[in-house]
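Since the structure comes first, as structure tokens, the remarks are kept for the end.
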Amino acid sequence: MSAVLHLCLLLGSAAALALAPAHANLLQEQAQRFHPVESSGGMVAAQEAQAAAVGAQILRQGGNAVDAAVATSFALAVTLPQAGNLGGGGFLVLWLPRSGPISTCRAVARDASPSQALTVGRGEAVALNFRETAPQAASPDLFLNPDGSVNRERALRSLLSTGVPGTVAGLTRVQARYGCLPLATVMQPAIQLAERGFPVGAELSASLEAAAPLLKAHPASARQFFKAGGQPYQPGERLRQPELAASLRCIAQQGSSCFYRGRLAQQLTALMQAGGGLITAADLAAYQAPWAPPLQATFQGHRVLTMPPPSGGGATLLQLLNVLEPLKLDQSGLNSAATIHTMVEAINLAYRDRNRLLGDPDQVAMPLDRLLSDRYAAEQRQRIRTDRHRPAAELEAEPSPALGGTNTTHLSVVDRDGGLVATTTTLNTAYGNGITVPGAGFLLNNEMDDFTAKPGAPNAYGLRQGSQNAIAPGRRPLSSMTPTLVFRPDGTPLLATGSPGGSRIITTVLQVLLNRLVHGLNLASAVAAPRIHSQLWPDQISMEEGISPDTIRLLERQGHKVVLAPSMGSANSVEVRADPQADESGRDSIKTYGYADQRRLDSAAMPE
């Protein structure tokens with residue numbers, strides 16, 4: 001073939017390519033592998049499908065996002081006993097528009113908005129803190145042996161590990177202020193699930209079998225969660241919890257007073273007195289779930305609202321977003337070695353500050369303004385080396401600014417007005433301390449382990465925390481729970497997210513936001529993408545399956561230790577978008593989307 005003919009053929013081929021469609025998709029294949037559930041009404045995404053269905057049912061009955069979140073949370077106390085609870089605590093962040101068919105459902109009857117509420121767009125946002133508190137009899141050396149070492153059994157498996165529960169106070173308070181439906185209506189599905197029973201799913205069946213040594217050590221727990229003879233429930237078998245049903249019915253009829261002053265308080269304090277626990281009737285009667293203004297920051301033009309301390313998660317998340325925003329992670333690419341290295345180095349710096357400086361704002365001073373400032377973010381960026389990993393011991397030697405659970409569950413809800421709720425609740429570790437209150441049917445938390453038992457000694461999640469988080473009467477332990485809302489630059493709501501996972505919660509939420517807002521993934525893909533985690537100590541990157549071996553080798557050359565970890569978190573998330581086609585009334589119409597993290601077998605996103 002002559003050179004001229006060869007050139008003509010090449011030019012002809014190039015012309016043919018130029019005339020062909022740039023992205024011909026003859027099979028009509030989708031751009032991304034994962035896709036969220038879509039609805040023209042509301043949406044509930046939760047860790048357990050039957051509880052998510054309860055929330056969707058409440059939306060169909062005229063409830064708003066708060067009603068659905070509260071109904072789902074009480075249902076999770078029945079169907080997800082390893083994390084859903086009456087005997088634990090949590091955090092909640094909400095945004096509701098000030099107008100709309102369901103947003104104004106109880107406008108006449110409501111009290112004035114909490115003074116802590118923020119105006120965001122055409123609505124208001126507020127956070128609710130129902131974290132557990134230390135009993136008045138608690139002391140800093142509660143879990144120390146005579147030789148000064150930490151007694152891990154006492155910190156995790158005894159009645160001493162239980163903080164004053166906050167879940168019932170929090171859920172009833174937010175529903176009374178912002179819900180549309182009567183509390184009894186909202187709680188009825190959970191009561192029925194407990195009373196009539198529900199088919200056990202694959203995840204719960206395996207979880208109960210794994211937890212058998214813990215639960216069978218306590219007669220009330222053994223009766224509650226195992227069949228006669230001590231056999232575990234198999235998938236599809238019906239689990240009934242009549243004592244829990246009676247407790248839920250008491251709360252539905254009497255509100256939180258049943259739990260903090262009434263029958264349930266009496267049953268709980270009787271257990272404490274008999275078993276050497278610290279919680280008294282006075283501790284329960286004094287418990288409060290306060291409103292708080294959400295922490296906020298701007299990232300990529302979006303307004304991010306999250307939980308303030310005693311959540312260490314919200315402040316750490318915003319600190320990381322501030323540090324990472326200018327670093328062009330979109331150019332280095334999702335889960336590339338360069339992106340992971342940069343994230344890990346920023347994460348370790350932020351966790352160092354979290355562990356040293358954060359605590360209960362009612363009892364300790366914290367330099368939050370400094371930590372969340374643009375100047376401090378710039379200083380942190382200067383500490384990141386692009387060529388090598390900085391070891392944890394090297395970072396620990398540097399000063400920080402001067403002072404001036406893994407079983408938790410997260411759910412997200414959006415209603416048909418665009419109202420958003422993100423709430424994370426916990427017992428701390430799976431099934432808490434494994435102790436069920438006799439006659440009441442609910443498990444107790446072991447959240448006292450989230451305090452610093454001894455400065456520098458690791459807790460159940462490997463976090464080495466400082467004296468800011470020491471045990472003190474009435475204090476709330478530092479938490480990693482990070483319920484988060486995101487708004488578009490024009491103030492309209494975009495998404496709600498959060499996750500369980502103990503110390504990995506913060507990095508899970510961070511990666512969902514980066515995947516959605518920086519890397520351009522849809523909600524489902526943002527949640528499904530492989531995750532990494534680091535927390536300063538232990539000095540390593542925990543990594544889910546799905547990261548390239550080539551990437552791992554590059555990270556190891558930079559000095560990182562990489563370990564393969566089980567799946568991390570359960571970032572059940574929802575999103576809302578304007579529907580270009582308005583409804584017949586002319587009112588703005590929306591589309592909602594939900595994705596339940598498939599890392600948990602029984603999770604589901606349920607449309608209204």
Side-chain angles (χ1 to χ4, degrees), residues 41-46 51-77 84 86 90-114 116-117 123-130 166-193 248-259 288-292 294 411-425 483 485 493 496 574 576 592 606 608:
M43 182 74 67
V44 180
V54 164
Q57 173 188 334
I58 291 297
L59 290 174
R60 289 191 291 273
Q61 289 177 224
N64 64 6
V66 170
D67 292 312
V70 170
T72 304
S73 295
F74 278 121
L76 286 168
L86 302 184
F91 299 130
L92 181 149
V93 182
L94 68 85
W95 178 87
L96 292 178
R98 293 198 174 101
S99 62
I102 56 175
S103 301
T104 57
C105 60
R106 291 173 64 182
V108 175
R110 283 183 180 142
D111 297 330
S113 296
Q116 299 86 351
E124 69 178 53
V126 72
L128 184 64
N129 172 9
F130 51 102
T167 293
V168 174
L171 295 180
T172 54
R173 185 173 199 193
V174 73
Q175 201 278 330
R177 172 60 188 83
Y178 286 103
C180 290
L181 302 176
L183 178 63
T185 301
V186 169
M187 292 189 64
Q188 185 58 31
I191 295 169
Q192 290 180 353
L193 283 169
L248 290 166
R249 183 173 286 109
C250 183
I251 296 166
Q253 293 170 349
Q254 301 176 23
S256 63
S257 63
C258 174
F259 192 94
Q288 297 290 326
W291 302 109
L411 65 95
S412 298
V413 181
V414 58
D415 63 35
R416 54 188 173 277
D417 281 350
L420 292 175
V421 174
T423 184
T424 313
T425 57
L485 309 181
V574 296
V576 56
T592 63
M606 293 287 183
E608 180 182 346

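Just so it is clear, the model here is predicted, and its values are computed rather than measured. For reference, positions follow the sequence shown, starting with 1.
Once rounded to the nearest 0.5 Å, the distance linking CG of Asn64 with CD of Gln175 reads 8.5 Å. Taken from CG in Leu193 to CZ in Phe74, the straight-line distance is 13.5 Å, to the nearest 0.5 Å. Atom CD1 of Ile251 and atom CE of Met187 lie 5.0 Å apart (nearest 0.5 Å). Note that OG1 of Thr172 and CG of Leu183 are 7.0 Å apart. Values are rounded to the nearest 0.5 Å. Here the CD1 atom belonging to Ile58 is positioned 9.5 Å from the CD atom belonging to Gln188, to the nearest 0.5 angstrom. How far CG of Leu128 is from OG1 of Thr423: 8.0 Å, rounded to the nearest 0.5 Å.
Residues passing the ring-ring contact (aromatic ring centres under 6.0 Å, His included) test with Phe259 are Phe442, sequence neighbours excluded.
Looking at every heavy atom in both residues, Leu96 comes nearest to Ala65 through CD2-CB, 4.5 Å. Across all non-hydrogen atoms, the minimal contact from Thr72 to Gly55 is OG1-CA, 3.2 Å. When all heavy atoms of Ala68 and Val44 are compared, the pair lying nearest together is CB-CG2, 4.3 Å. What you find for Gly63 and Ile102 is that their closest heavy atoms are O-CD1, 4.0 Å. A pairwise comparison of heavy atoms in Tyr178 and Pro114 identifies OH-CD, 3.2 Å as the closest pair. Residues Ala289 and Arg173 approach most closely at O-NH1, 2.6 Å, considering heavy atoms.
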Is there a side chain to side chain contact (heavy atoms under 4.5 Å, CB included) between Ser73 and Leu411 once you walk through the steps?
CA-CA 8 Å; Ser73 295; Leu411 65 95; 3.4 Å; yes
Residues Thr592, Val574; criterion side chain to side chain contact (heavy atoms under 4.5 Å, CB included); working and verdict
CA-CA 7 Å; Thr592 63; Val574 296; over 6 Å; no
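Checking side-chain atoms of Ser412 against main-chain N and O of Ala422 turns up no donor-acceptor pair under 3.5 Å. For Asp417 (side chain) and Gly419 (main-chain N/O), no donor-acceptor pair under 3.5 Å exists by modelled atom type. In this structure, Arg416 contributes its side chain and Leu59 its backbone to a donor-acceptor pair below 3.5 Å.
Tested against Pro493, the residues Val414, Val576, Leu485 include a single side chain to side chain contact (heavy atoms under 4.5 Å, CB included) partner, Val576.
At least one side-chain heavy atom of Arg177 sits under 4.5 Å from a side-chain heavy atom of Ser113.
Pairs passing the salt bridge (charged side-chain N to carboxylate O under 4.0 Å, His left out) check and including a residue from residues 56-76, sequence neighbours excluded, do not occur.
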